[in-house]
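Reminder, nothing fancy here: chain letters follow the sequence lines and each chain counts from 1. Computation of the quantities below employed the complete heavy-atom set of this structure, encompassing side-chain atoms and omitting hydrogens, waters and symmetry-equivalent molecules.
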Amino acid sequence: MAELSKAYTPKDVEGAIYERWLAADVFAPDGAGSTADPSLPPFTITQPPPNVTGSLHLGHAQRTAVEDLMIRHARMRGHRALFLPGLDHASIAAQVVLDRILAGEGESRQSLGRERYLERMLEFVETTRGVMLAQQRRVGASADWGRLRFTMDDGSARAVRVAFERLFRADLAYRTEALVNWCPGCRTSVSDLEVVPTPETGTLWNVRYHLIDPKTGEPDPTETITVATTRPETILGDTAVAVHPGDERHAGLVGRVARIPFVERDVPIIAEERVDRAFGTGAVKITPAHDRDDYETGLRHSLPAPTILADDASVANTETVFDGMDRYVARSEIVAQLEARGDLAGSKDHEMVIGRCQRSHDVIEPRLKTQWFIRTTPLAERALMSTRSGRTRILPERFEKTWEHWLANIRDWNVSRQLWWGHRIPAWYCPDGHVTVASAEGGPDACEVCARPAAELQQDPDIFDTWFSSGLWPFSTLGWPDDTPDLSTYYPTTVMETGYDILFFWVARMMMLGLELTDVEPFHTVCLSGLIRDPEGQKMSKTKGNTVDPLGAIDESGADALRFSVIHGATPGNDQRFGAAKLEHARNFANKLWNAARYVVGARPATIPADAERRLPAGAHLGPAERWLLSRAAATVEAVDGAMTDHAFGEVTRLVYDAIWSEYCDWGLELAKVRLADETVPLEAREATWWTLVEVLDTYLRLLHPVMPFVTEALWASLPHRASDPDLLIVARWPASGARDATAEVAVGALIELVRGIRNARAEAKLEPARWLPVDVVVPVGLGTTFEALRPAVERLARARPLERRLTREALAATAGPTDLAVIAGELEALVRAGVGGDPASGSSALNRARLGRELAEAEEWLAAARDRLANESFISRAPAAVV
RNA sequence: GGGCGGCUAGCUCAGCUGGUUAGAGCACUUGCUUGACAUGCAAGAGGUCACUGGUUCGAGUCCAGUGUCGCCCACCA
């Protein structure tokens, strides 16, 4: 048994314990220290791999805490519990970070070139990776580090290639020219999910386009059609003007031709149902290459679609003076020139929603590009069937609605990225334009169509969206596409725990790809956590400077406190605010537990050797307080099991917290102290008291271990163990719920009420707390034994001595004096012989009257309510018998 | 424009499938160097459960609507 230091210092406790776990090899389900029962089904959690972009934030710590809680619980229940850790290469996010670092060095992606850039990235990732893994260990993640995976490692790379080839062969991946979301800052396309709609005030300009005089073929100086636009620079790419077919203002214009200024292009005026007559001028300029709606219109009307923006969003290919200008410079220049020509018909402020890049916050430009897409509709259909059938559950359930809506309206997924850091798309093109997709590591031998040798083929320069490799995570980490023992044992994942903010980004993609590629749901349960916000409810962000560094919190209060605080305040799927107060609360609790255990260890009767093997207290020697403690522990185990089943982890912490603090410490230990010190109590009974304290503390340490693994492990080491127990709590068994003892719970509960009542009366009478007062009490026959057994404890706790037992109320009433304080605690009635105040009016009788009057009023109110209910015939006839 | 969520004590939040007198932490008041713990102990004050209507013997809990704050989705230039 280990010694416990007087003061609880998390720092000293935590580092050493993590090392012990590592040394004992208990994290891996098949590790040397595992006590798993192979006959039970395995339990798998694949960690949502954090981005290797720097360091963990509080959200990661919370994520890790919840996942680790589930894993530790499963491990203690005897399951082969695999917590598979990992890191995500985070393609675009990592490039944004590295680009910023490079910018500080006067370098850039372009200046380095692809090869050197990737070298720099590997260096960068190598350092952050170490930092991040160390952070996870500090949090206490009992992950199987031997199975650590990275989305850029060879296994992932192969999984990506094989997955893509299979999708291609199944016609679920295709390459086409389409309008994509282009981020000029990141110089890549991004998926629809990465475009953040941002409300902004822009300007709506009205621009006159001159109609072509059919006779001369030249623009008419007076006959015009006015279009409204928020992006005048796109005028350079206009290939039509559209009006609503039923719009009388423009009747007769359809079929005529207008001239686009600057590019001097003559374009048709077309009729389009989708034009909103009420908006702007009712006439819309059509720019097929730079607007989603216009693109559709362009297809319907076979319009040309000239691209007028370069990769950096400067104007290009227009053969105007604007070529080379940034899009916004060109915009103001065009407006100025329109005004000079007299073709600007006005402008006004306009509230609109602009798409910005999730990473760089640049305004996204729709652009035509030839790229790879995943055909999502059939995949989404299967994903929906999985959740509808209940084969995969989403918790909390309300997210299923969002899930349904998103998957039912899904659009094809653009997976090409014009970035460097990521998995290169395994597609090769031959000079004739044939496409060859090959998953072999070295690429294809020849063009699939024309058999040209590999040397003449060009690989696609693009890489995959980072979420493509993440989407394979639950199975790529276990060896897929090979049929490895790990894959057959630990796949599908039992619980997928993650934040609701990546439900679509990640969970939906894993579901779609998992079902298609492995033919089974990749996980049984999706457990969605909320986000952590700052004390004001703001989202934490580095730019706002309101982030909490988990390591700082751990240094200050310990990993146990951090874990407790993020789990305690959380309801599944709901955001929580996090501040110093919560951390402090948790730290105090750890300290409380430490001291309680320290007391128990120190209270061992001298007759029990320090290295004694744990004995279950003999029933005959158990007093009511001991039976009460054991029964309350059984109740707590039962309640905790229920909360665990519901994934209500906040409830788990509340239950254990209350049991330990309000029951075990406040009453259990206080009652036991008296008995342990009482020489008149038989030795066996005192030993039984101590063994009960040990037994119940042991139970609570087990229940709390998944939440606060370090302090519980440390304290457990100081308690005597059973012969069947392993050396470490982490692999000890979860407690079975024992039998309840209703008699003890009721009886001890009544005496606790009596103590409270006496304390209350004493406090109101402003008596010195230290003074011992004589108290007489009426004890109902049923409570007699319990009262006698606990009399010394009640005396001490209530500072009541002598505590005389009066069997009848009459006997008590007969001796009541004007200076006595009356106490009613349920069935127990007591008189505190306070001996204060000679004057009945200002002394105790006044106090009695006031207090008892209040209590009487409450009781009568309750009684009246109860009588009313019972008098109500429909209540009696309809309410269940138990309630009546 | 759709959808979802929050609104419970001064603050942060629990309250599961409706059932006696709605809870916790922090803050507050009054006392305590009580031999595990002042990171603590004891006692206390504090709530028309956002609002309106309904269902029910009974509603914080279920239904309808309103307000308010927030989130997600959505192609109106």
(message) Using a 4.0 Å heavy-atom cut-off, does Arg654(A) contact any base of the nucleic acid, only the sugar-phosphate backbone, or nothing at all?
(response) sugar-phosphate
Pairing residues for [X] by the side chain to side chain contact (heavy atoms under 4.5 Å, CB included) criterion, not counting sequence neighbours:
| X | value |
| --- | --- |
| Lys285(A) | Tyr209(A), Val227(A), Thr229(A), Thr234(A), Ile235(A), Asp238(A), Thr287(A) |
| Asp293(A) | Arg274(A), Asp291(A) |
| Ser557(A) | Ala561(A), Leu583(A), Arg587(A) |

Nearest-angstrom distance, [atom1] atom, [N] to [M]:
| N | M | atom1 | answer |
| --- | --- | --- | --- |
| C71(B) | C32(B) | P | 50 Å |
| C69(B) | C75(B) | C1' | 29 Å |
| U20(B) | U34(B) | P | 40 Å |
| U68(B) | A50(B) | C1' | 8 Å |
| C73(B) | A64(B) | C1' | 25 Å |
| G18(B) | A24(B) | C1' | 23 Å |
| G60(B) | A74(B) | C1' | 35 Å |
| G47(B) | A9(B) | P | 10 Å |

Just to verify, what does [X] make a salt bridge (charged side-chain N to carboxylate O under 4.0 Å, His left out) with, not counting sequence neighbours?
| X | value |
| --- | --- |
| Arg331(A) | Glu233(A) |
| Glu663(A) | Arg632(A) |
| Arg411(A) | Asp192(A) |

N/O to N/O distances under 3.5 Å, protein versus nucleotides 22-24 of chain B:
none

(message) Any salt bridge linking Lys401(A) with Glu404(A)? Criterion: basic side-chain nitrogen under 4.0 Å from a carboxylate oxygen.
(response) no
(message) Heavy atoms within less than 4.0 Å of RNA chain B: which residues of residues 227-237 of chain A have one? Give them sorted by number.
(response) Ala228(A), Thr229(A), Thr230(A)
Output one line per pair: protein atom, nucleotide atom from nucleotides 40-44 of chain B, and distance, for all N/O pairs under 3.5 Å.
unit_1	atom_1	unit_2	atom_2	d
G40(B)	OP1	Asn588(A)	ND2	3.1
G40(B)	O3'	Lys592(A)	NZ	3.2
C41(B)	OP1	Lys592(A)	NZ	2.5
C41(B)	OP1	Trp661(A)	NE1	2.8
A42(B)	O3'	Arg759(A)	NH1	3.4
G44(B)	OP1	Asn760(A)	ND2	2.8

(message) Nearest to the Val275(A) side chain among C73(B), A77(B), A36(B), which nucleotide is it?
(response) A77(B)
(request) Indicate the atoms forming the closest heavy-atom contact of Leu719(A) with Val694(A), along with that distance. (result) CD1-O, 4.3 Å
(request) Taking Asn574(A) for its side chain and Gly530(A) for its backbone only, find out whether a donor-acceptor pair lies under 3.5 Å. (result) no
(message) Can you measure Glu768(A) atom CD to U30(B) atom C1' for me and round it to whole angstrom units?
(response) 15 Å
(message) If I take atom CG in residue Leu669(A) and atom P in nucleotide G35(B), what distance separates them, rounded to the nearest angstrom?
(response) 15 Å
(request) Decide if the gap between the ring center of His250(A) and the ring center of His244(A) is smaller than 6.0 angstrom. (result) no
(request) Can you run down the ring pair (Phe, Tyr, Trp, His ring centres under 6.0 Å) pairs that involve residues 272-300 of chain A, sequence neighbours left out, and say none if there aren't any? (result) Phe279(A)-His350(A)
(message) Using a 4.0 Å heavy-atom cut-off to protein, can you give one letter per nucleotide of nucleotides 3-12 of chain B, 5' to 3': B if the base is in contact, S if only the sugar-phosphate is, - if neither?
(response) -SS------S
(message) Just to be sure I follow the notation: if a pair is Watson-Crick (purine N1 to pyrimidine N3 plus N6-O4 or O6-N4) or a G-U wobble (N1-O2 and O6-N3), each under 3.5 Å, what dot-bracket string does RNA chain B give, with | for pairs to another strand?
(response) (((((((..((((.....[...)))).(((((.......))))).....(((((..]....))))))))))))....
(message) Under 3.5 Å, is there any donor-acceptor pair linking the side chain of Glu670(A) to the base of A36(B)?
(response) yes
